[in-house]
Amino acid sequence: MRPGTGTMNTAITGLQWGDEGKGKIVDLMTSDHDVVVRYNGGANAGHTVVVGEETYALHLMPSGILSPDIQCVIGNGVVIDPTKLLEEIDSLESRGINTNQRLFISDRAHVVLDYHKMLDGALEEFLAGGRSGASIGTTRRGIGPAYADKVLRAPAIRVGDLRYPDVLEERVRIACDLHGEQLASLGWSERPDPEKLIATCRDWGARLGDRIIDTTYFLHDAVKAGKRLLFEGANACLLDVDHGTYPFVTSSNCSALGIPAGTGLPAATVDRVIGIMKAYSTRVGAGPFPTELDNAIGEQIRERGREYGTTTGRPRRCGWLDLVAVRYAAMLCGTTSIACMLLDVLFGLDEVKICTAYRLPDGSTTDRFIPDAHRLSGVEPIYERLPGWDGELDFDGAREQLPDGARRYLDFIEKYLEVPIEVVSVGPERTQTLMASTI
Ligand code: GDP
Ligand code: IMO
Ligand code: MG
């Protein structure tokens, strides 16, 4: 909290491999904020929010859009597929949610075009062909190729360019030439059509219109005016391109460390970071997962937690809670409190296990995470075993009412992480949540 202002700016970040329930918590926290800001990722994200009878799956749209008076910002760090964004806008409008004068898009965010999605698919097929090991298992939403263009510069198209036909034409032609060659060499049959893409880009520019602004000044003005910002992380810390299980990561800084670069706000703008974790672990796509359960318990967790991807529908890999990984993620993100989600999924098990250290191939042990896929794939989890719990989920807002075993489980997590658990979630709905009064 900044002295004298009474404002509290909050970051929501996933502490595992994604799908921790960030959308639910952003929705719950929105009422205490004025502006909800996305700073990373793109349509690879899938944030589910359940409001009464309605379920919303949001990919590019900040989850704050579901609360009427909230402004929403898609910051410069995001890669935007306008087709998807316009679909989301239309779908929300058709469900009675007004997005006009509420959604602002950075003119410096980068645009995902068809050839990025083609390249994403072509690269995945190339890697699956056995040359250099395994494919990443991306969402094929063009995320990696769009961020690659951003760093390459010449072929990149930013949202602001959509409104400047000359710049746009030149860049689309460069990109089509370059990526046409790449697609051919990867054996991909489709080719981008520059004329069609230029026309599409112009149409996007017209449709997104006044929503395209300099969001950096907008956000600084909001901070000066004492507005409260809520940063909605997409993807999650262990998928961070610098700090995750590289190379099985996404292509952005999706830990809280991505906020300054992805918005243009200094890091000190963030007053508190709520780390979102599941009571167990899941992962979609390839990459090391030390506590993965390839057995009936894993299957039970998948079915009870409905662990199928919001974006791709793929079954999520499931496993025991890995606290080595979560403690590392909480450290990186500067996490000030924890939301422990999907605790209901673990009800009814005889025994639950928590990974507290790894055994390395040379027989030694460590309680430090290893953010490198090759080395992490060689570790064996060392577990603490705790008795399971049963009982009715008669839950009206007090942690004391949880069954003893569930409380012991939460106490163990809190002690290991040395960060307080201030939110416990036992179902997808807003009411199925215990929030500490300090939140
Ligand atoms: P996100 O990407 O982090 O926003 O998470 P997703 O929306 O991809 O996946 C989380 C899923 O769990 C969604 O279907 C939520 O509706 C659901 N969910 C959230 N919290 C809970 C909970 O406490 N219990 C159960 N059973 N489901 C939950
Ligand atoms: P939310 O915001 C889960 C994973 C993909 C793949 C890897 C790289 O819903 O938590 P990409 O398409 O980004 O190049 O894929 O990252 N991945 C996610 N997994 N939840 C997400 O987002 C994810 N975003 C990317 O499955 O393994
Ligand atoms: Mg998700």
Taking every heavy atom of Gly226 against every heavy atom of Asp34, the minimum-distance pair comes out as O-OD2, 4.5 Å

Applied to residues 260-270, the salt bridge (Lys or Arg N to Asp or Glu O under 4.0 Å) test, sequence neighbours excluded, yields none

Does Val49 reach the side chain of Val51, with side-chain heavy atoms less than 4.5 Å apart? yes

d(Ile276 CD1, Lys24 NZ) to nearest 0.5 Å is 10.5 Å

> For Thr269 and Asn9, what are the C-alpha separation, side-chain angles and deciding distance, and is it a side-chain hydrogen bond (donor to acceptor under 3.5 Å, both in side chains)?
Replying inline: CA-CA 7 Å; Thr269 310; Asn9 299 324; 5.8 Å; no

OG of Ser135 to CZ of Phe126, rounded to nearest 0.5 Å, is 12.0 Å

Decide yes or no for Met61 and Arg38: does some side-chain heavy atom of the first lie under 4.5 Å from some side-chain heavy atom of the second? no

The side-chain contact (heavy atoms from CB on, under 4.5 Å) partners of Val270 (sequence neighbours excluded) come to Ala11, Phe231, Ile259, Val273

Item checked: Over 12 foreign heavy atoms within 6.0 Å of CD, Glu303 -> yes

Taking every heavy atom of Ala279 against every heavy atom of Leu346, the minimum-distance pair comes out as O-CD1, 3.5 Å

Could Arg108 and Asp214 be called an ion pair, given the rule that one side-chain N must be under 4.0 Å from one carboxylate O? yes

In Thr215, Leu85, Val159, the residue satisfying side chain to side chain contact (heavy atoms under 4.5 Å, CB included) with Ile74 is Leu85

Side chains of Arg302 and Thr282, donor plus acceptor under 3.5 Å: no

Heavy atoms of other groups near Phe218 CZ, more than 12 under 6.0 Å
yes

Starting from the C-alpha separation in whole Å, work towards a yes-or-no answer on side-chain hydrogen bond (donor to acceptor under 3.5 Å, both in side chains) for Asn253 and Asn40.
CA-CA 7 Å; Asn253 284 118; Asn40 78 291; over 6 Å; no

*Any Val73 side-chain heavy atom under 4.5 Å of Leu219 side chain*: yes

Margin query: Within the 4.5 Å heavy-atom criterion, are Leu386 and Glu351 side-chain neighbours or not?
Written below: no

Contacts of Phe412 meeting ring-ring contact (aromatic ring centres under 6.0 Å, His included) (sequence neighbours excluded), chain-then-number -> none

**Message:** Regarding Glu20 and Lys278, does a basic nitrogen lie under 4.0 Å from an acidic carboxylate oxygen?
**Reply:** no

Residue set satisfying ring-ring contact (aromatic ring centres under 6.0 Å, His included) with Tyr328, at least two apart, ordered chain then number -> Phe369

His220 meets the side-chain contact (heavy atoms from CB on, under 4.5 Å) criterion, sequence neighbours left out, with Thr216, Leu265, Pro266

Contacts of Asp69 meeting side-chain contact (heavy atoms from CB on, under 4.5 Å) (sequence neighbours excluded), chain-then-number -> none

- Asn76 side-chain N/O to Ala261 backbone N/O, donor-acceptor pair under 3.5 Å: yes

Taking every heavy atom of Lys84 against every heavy atom of Ala43, the minimum-distance pair comes out as CG-CB, 4.2 Å

Sorted by chain and residue number, the ring-ring contact (aromatic ring centres under 6.0 Å, His included) partners of Phe248 (sequence neighbours excluded) come out as none

Quick note, salt bridge (Lys or Arg N to Asp or Glu O under 4.0 Å) partners involving residues 136-151, not counting sequence neighbours, are Glu125-Arg140

Sidechain-backbone polar pair: Thr312 side chain, Gly309 backbone, donor-acceptor under 3.5 Å: no

Would you mind reporting whether Tyr383 and Thr291 have side-chain heavy atoms less than 4.5 Å apart? yes

No-hydrogen, no-angle side-chain donor-acceptor test under 3.5 Å, Ser106 and Arg158: no

Atom CG of Asp350: over 12 foreign heavy atoms under 6.0 Å: no

So the ring pair (Phe, Tyr, Trp, His ring centres under 6.0 Å) pairs with at least one residue in residues 272-297 (sequence neighbours excluded) are Trp17-Phe289

Legend entry - Heavy-atom side-chain contact between Asn44 and Thr138 under 4.5 Å: no

Taken to the nearest 0.5 Å, the spacing of Leu119 CG from Leu113 CG works out to 11.0 Å

So, Gln16 side chain and Met277 main chain: donor-acceptor pair closer than 3.5 Å or not? no

dist Thr433:OG1 -> Ile25:CD1 (nearest 0.5 Å) comes out at 6.0 Å

The complete set of side chain to side chain donor-acceptor pair (under 3.5 Å) pairs with one or both residues in residues 55-68, sequence neighbours excluded, reads His59-Thr311, Ser63-Glu232

What I'd like to find out is whether the side chain of Tyr358 reaches to under 4.5 Å of the side chain of Ile382, using heavy atoms alone.
no

Notebook entry, point to check: Are any non-hydrogen side-chain atoms of Leu402 and Leu410 less than 4.5 angstrom apart?
Noted result: yes

Using a 3.5 Å distance criterion without hydrogens, assess whether the side chain of Arg430 forms a donor-acceptor pair with backbone atoms of Asp27.
no

Residues 309-333 vs salt bridge (Lys or Arg N to Asp or Glu O under 4.0 Å), sequence neighbours excluded, gives Asp19-Arg316, Glu292-Arg317, Glu307-Arg316, Arg327-Asp367

- Message: When you measure from the side chain of Ser364 to the backbone of Leu360, do you find a donor-acceptor pair of N or O atoms at a distance under 3.5 Å?
- Response: no

- Tell me, yes or no, whether the heavy-atom count around Asp242 atom CG, taken from other residues, nucleotides or ligands under 6.0 Å, exceeds 12. yes

Review point. CZ of Arg95: more than 12 outside heavy atoms within 6.0 angstrom?
Key: yes

For Leu293, the side-chain contact (heavy atoms from CB on, under 4.5 Å) test, sequence neighbours excluded, returns Asn295, Ile297, Ile301, Trp320

Any donor and acceptor pair, going by atom type alone, linking the side chain of Arg368 with main-chain N or O of Thr366 inside 3.5 Å? no

> Side chains of Arg272 and Thr10: donor-acceptor distance under 3.5 Å anywhere?
Replying inline: yes

Minimal heavy-atom distance between Ile12 and Tyr39, with the atoms involved, is O-OH, 4.4 Å

